[in-house]
Amino acid sequence: MTSTENSHPEANGSEPEMDASGSASAAQRPSERDGRRTRLVTLASALAVCVVALQVGRNAPAEADQEAAGASAARVSASPTPSPSPSASAASPATSSAAPSPTEPEFPDTSAGRLDKKAYESGWVVEAEDYGSASEYTNDVCQTFKDGPMALGGWWATPGQYLAEQAGLTKDEEKILRSGIPQLCPKWWPQVKRAMDDTYERFIDDGTYDVAAKGGFGVMPPGTYRSEGGPLGNIADCYWERTTGSGDIVDNNFVTVARSITVTVKTGELFTTENCGVWKPVE
């Protein structure tokens, strides 16, 4: 039957026909999927590139610092050590360790310099603030003995008497003088030594004195003394006496007016003088 065969075309094995629009739509679906896939891949690649760029940006300063430090260290290690000039090498002896330290003062190779160096190394100190060094103090003592007897107010004193009784000597100052006087003014060493040994020559003014070979203030060595008055050169209303240690008078005298008086005292006696001027040892 003709109508039955025409109503079922699949039975004849032929493919159904598609219209033009359906065929184009089916062809476009794979292309759209491929495009979306490509865009996703591109976006992922871009994100990966951004992440890598950020990471590189964070590490760049640290790497730059490390490179700068390495370059600085390389420059330091590469810098040559300066060698001393020929003149400096010639001026510096091989035993440079023997050179004085920057804080240690240098002393000239003179008598005064050697004394100052010895005082510095020994720790000797001059207590008087008027002197800046041991040699300056020693030179002043030399000048005192060179000038001779001196007037101290209303009485006179020998240089040794002044040094021992008025100026006074500390232990350090004695050591300085014992070392320095023989070098700087050897002529006065015997008198300076007598001053330090309390056997110095004395001028005797008003007062009472023990007669002894050795002693300080208030002691006079035995011997002969002469007074020629004070600054005016005359003696008036003078009284002197010699007594034993128990008070017995050995000799005495009252002088109304005189140009000079001489007396001899002995060890163990007491000698008293009033208004007789200055008694000086008779050489």
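Here, residue 1 is the first one in the sequence, and each next residue gets the next number. Reckoned from all heavy atoms, side chains included, excluding hydrogens, waters and symmetry mates. What you see is a predicted model; the values in this text were computed from it and never measured.
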Which pair of heavy atoms, one from [X] and one from [Y], lies closest together, and at what distance?
X      : Y      : result
Leu163 : Ala195 : CD2-CB, 4.1 Å
Pro186 : Pro190 : O-CD, 3.9 Å
Ala119 : Ala134 : CB-CB, 3.7 Å
Asp116 : Ser133 : OD1-CB, 3.6 Å
Met220 : Val265 : CE-CG2, 3.9 Å
Asn275 : Ile235 : O-CG2, 4.1 Å

Report yes if the side chains of [X] and [Y] come closer than 4.5 Å at any heavy-atom pair, otherwise no.
X      : Y      : value
Asp109 : Arg114 : yes
Asp130 : Asp140 : no
Asn139 : Leu184 : yes
Leu270 : Asp210 : yes

Exercise. Should we count CZ of Phe145 as having more than 12 external heavy atoms under 6.0 Å?
Worked result: yes

Say you draw a straight line from [atom1] of [X] to [atom2] of [Y]; how long is it, rounded to the nearest 0.5 Å?
X      : Y      : atom1 : atom2 : result
Tyr225 : Tyr209 : OH    : OH    : 10.0 Å
Thr110 : Lys117 : OG1   : NZ    : 11.5 Å
Glu241 : Asp251 : CD    : CG    : 10.0 Å
Asp237 : Thr256 : CG    : OG1   : 6.5 Å
Phe203 : Met150 : CZ    : CE    : 9.5 Å
Thr199 : Gln191 : OG1   : CD    : 10.5 Å

Does [X] reach the main-chain N or O of [Y] with its side chain, forming a donor-acceptor pair under 3.5 Å?
X      : Y      : value
Arg202 : Tyr200 : yes
Glu174 : Met196 : no
Arg226 : Lys280 : no
Thr138 : Gly180 : no
Glu269 : Lys266 : yes
Ser227 : Cys276 : yes

For this session: Check the angle between the aromatic planes of Phe271 and Trp279 and answer parallel, tilted or perpendicular using the 30° and 60° thresholds.
Result: perpendicular

Problem set entry | Plane angle bin for Phe254 and Tyr239 - parallel if under 30°, tilted between 30 and 60°, otherwise perpendicular | tilted

Exercise. Can you check side chain to side chain contact (heavy atoms under 4.5 Å, CB included) on Val126 and Asp172, steps first, answer last?
Worked result: CA-CA 7 Å; Val126 180; Asp172 281 356; over 6 Å; no

hydrophobic_cluster_shared for [Y] and [X], side chain cutoff 4.5 Å:
X      : Y      : answer
Tyr131 : Trp188 : yes
Leu169 : Tyr162 : no
Phe107 : Tyr137 : no

For this session: With side chain to side chain contact (heavy atoms under 4.5 Å, CB included) as the test, would you mind laying out the steps for Arg178 and Trp189 before giving the verdict?
Result: CA-CA 8 Å; Arg178 289 184 184 276; Trp189 169 238; 3.9 Å; yes

For this session: Could you give me the CA-CA distance, side-chain angles and deciding distance for Lys193 and Ile181, then say whether side chain to side chain contact (heavy atoms under 4.5 Å, CB included) is met?
Result: CA-CA 9 Å; Lys193 186 175 185 300; Ile181 294 292; over 6 Å; no

Exercise. Taking it one step at a time, do Ser179 and Trp124 satisfy side chain to side chain contact (heavy atoms under 4.5 Å, CB included)?
Worked result: CA-CA 11 Å; Ser179 178; Trp124 299 339; 4.1 Å; yes

For this session: Check the side chains of Gln143 and Asp147 for a donor-acceptor pair under 3.5 angstrom, ignoring hydrogens and angles.
Result: yes

